Amino acid sequence: MSRTPLIAGNWKMHLDHLEAIALVQRLAYSLEPADTDAADIVVVPPFTALRSVSTLIEGDRLPLGLGAQDCHWESAGAYTGAISPPMLVKLRVSYVLCGHSERRALFGDTDEVVNRKVRAVLAAGMTPILCVGETDEQREAGDAEAVVTTQVRAGLSGVDAARAATLVVAYEPVWAIGTGKTATSDDADAMCGSVRGVVGELYDGGVAERVRVQYGGSVKPGNAADLLGRPQVDGALVGGASLDAEDFAVICKAARR
Ligand code: 13P
């Protein structure tokens, strides 16, 4: 079964809503129908730009998906500063990053918190992008696969097979994020395959075949085609290069197989 690649641009804490509109307009200009036919292309702006970008996508019928970088697991309540899944749904957000390594390292998102977010996002009818990945030290110690396996298992705890099949896992080795160091295509392929194997153990082969596993970490125009050409790599979660419309468009084009 063939999986549609998912190319997502995580803008992190960059771009106000006016800059966001300009970037999406440039991106729409740079993409051709063959690009958006071949892959699901998603932009993941900061919360403050979601409404502007959503309105632009809707108004101009742009073939782009919209994602959020995080959310709370409760639907509403006394959680000052937090954003709930139903609020995102109202803005036509369809993907939510859960457990990005920056959230885990800087904001205390534990595996348990990440799991609550994954379940809340699914319950709201959106698609979680469950982010997993090992640190440099963990890789050096030979623990990369074990760490990622633990994160995948914990992230999917309590998620039924039908919902699990719809989700996306992003394998993002921490040492490759924002560093210019990329996993080799062989390593990325092997780790994405390992994630799929864990999903197969948790559920069954059918779910594992359907789940999309992206690679993230210094994906650039120059390395995208090689990474995306690997059978286990179903797309890319792009940070820095997604802030440049032309660079991101080149990466999207690399998903045409
Ligand atoms: P870079 O592409 O800047 O390395 O960031 C990757 C990332 O964290 C995407 O979520």
Side-chain angles (χ1 to χ4, degrees), residues 5-15 19-20 23 27 39-47 49-50 53 64-71 88 93-107 109 114 117-118 121 126-136 138-139 144 147-148 151-152 155 167-185 187-188 191-192 195 212-228 230 233-255:
L6 174 68
I7 313 293
N10 173 13
W11 298 357
K12 308 193 180 184
M13 196 172 74
H14 296 288
L15 309 188
E19 295 165 326
L23 177 57
L27 178 62
D40 292 335
I41 298 174
V42 175
V43 291
V44 189
F47 289 129
L50 284 176
V53 172
L64 297 173
L66 185 60
Q69 297 176 15
D70 186 42
C71 69
L88 298 175
V93 167
S94 41
Y95 296 88
V96 183
L97 304 186
C98 298
H100 189 281
S101 65
E102 287 148 19
R103 299 290 324 170
R104 294 179 190 260
L106 305 172
F107 299 95
D109 281 19
V114 174
K117 292 179 178 182
V118 165
V121 167
M126 297 180 290
T127 301
I129 299 180
L130 169 63
C131 303
V132 299
E134 80 285 358
T135 63
D136 218 357
Q138 290 164 334
R139 174 154 283 260
V147 167
V148 165
Q151 290 174 335
V152 172
L167 68 75
V168 179
V169 180
Y171 167 62
E172 295 204 298
V174 177
W175 49 268
I177 294 178
T179 58
K181 285 196 262 176
T182 322
T184 65
S185 299
D187 276 345
M191 290 299 289
C192 290
V195 167
R212 291 190 285 182
V213 188
Q214 300 175 294
Y215 168 79
S218 297
V219 176
K220 305 286 178 206
N223 58 24
D226 195 23
L227 286 162
L228 294 171
R230 299 301 164 123
V233 179
D234 302 321
L237 184 54
V238 185
S242 71
L243 297 171
D244 182 292
E246 282 69 39
D247 282 357
F248 190 58
V250 171
I251 293 169
C252 294
K253 288 172 196 300

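These values consider heavy atoms only, across backbone and side chains, with no hydrogens, waters or symmetry-generated copies. Every number for a ligand or one of its atoms is a count from 1 in the order of the listing. What you are looking at is a predicted structure, and each value in this text was computed from that prediction instead of being measured.
- Looking at heavy atoms from C-beta onward, Val238 lies in side-chain contact with Phe248 at the 4.5 angstrom threshold.
- Under a 4.0 Å criterion applied to the non-hydrogen atoms of Lys12, ligand 1 contributes the atoms 5 (O), 6 (C), 7 (C), 8 (O).
- For the pair Lys220 and ligand 1, the shortest N or O to N or O distance does not fall below 3.5 Å.
- Heavy-atom proximity to Leu237, at under 4.0 Å, picks out these atoms of ligand 1: 9 (C), 10 (O).
- Ligand-side atoms of ligand 1 in range of Ser218: 1 (P), 2 (O), 4 (O), range being under 4.0 angstrom from any heavy atom.
- Contacts with ligand 1 closer than 4.0 Å are made by backbone heavy atoms (N, CA, C, O) of Ala176 only, the side chain lying farther away.
- Nearest protein heavy-atom neighbour of atom 6 (C) of ligand 1: Glu172 OE2, 3.6 Å.
- In this structure, Leu66 and Val43 have side chains that are in contact, with non-hydrogen atoms separated by less than 4.5 Å.
- Any N or O atom pair closer than 3.5 Å counts here, and His100 shares at least one such pair with ligand 1.
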key: Residue pair His100, Asp70: steps toward the side-chain contact (heavy atoms from CB on, under 4.5 Å) verdict   = CA-CA 8 Å; His100 189 281; Asp70 186 42; over 6 Å; no

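- Contact detail for Ile177 and Ser101: the closest heavy-atom pair is CD1-OG, 3.2 Å.
- Arg212 pairs with exactly one of Asp234, Asp40, Thr127 by the side chain to side chain donor-acceptor pair (under 3.5 Å) rule, that one being Asp40.
- Closest protein heavy atom to atom 2 (O) of ligand 1: Gly239 N, 2.9 Å.
- At least one N or O atom of Gly178 sits closer than 3.5 Å to an N or O atom of ligand 1.
- Near Gly240, meaning under 4.0 Å from one of its heavy atoms, ligand 1 places the atoms 1 (P), 2 (O), 3 (O).
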Let me have the donor-acceptor pairs involving side chains of residues 129-136, under 3.5 Å, with sequence neighbours excluded, atom names and distances please.
{"unit_1": "Glu134", "atom_1": "OE1", "unit_2": "Tyr171", "atom_2": "OH", "d": "3.0"}
{"unit_1": "Glu134", "atom_1": "OE2", "unit_2": "Arg139", "atom_2": "NE", "d": "2.6"}
{"unit_1": "Glu134", "atom_1": "OE2", "unit_2": "Arg139", "atom_2": "NH2", "d": "3.3"}
{"unit_1": "Glu134", "atom_1": "OE2", "unit_2": "Tyr171", "atom_2": "OH", "d": "3.0"}
{"unit_1": "Glu134", "atom_1": "OE2", "unit_2": "Trp175", "atom_2": "NE1", "d": "3.0"}
{"unit_1": "Thr135", "atom_1": "OG1", "unit_2": "Gln138", "atom_2": "N", "d": "3.2"}
{"unit_1": "Thr135", "atom_1": "OG1", "unit_2": "Gln138", "atom_2": "OE1", "d": "3.1"}

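- Each of Val250, Leu243, Asp244 was evaluated against Asp247; a single residue qualifies, Asp244, per the side chain to side chain contact (heavy atoms under 4.5 Å, CB included) test.
- Using a 4.0 Å cut-off between heavy atoms, Asn10 contacts ligand 1 through its side chain alone, with no backbone atom that close.
- The heavy-atom pair separating Asn223 from Lys220 by the smallest distance is OD1-N, 2.8 Å.
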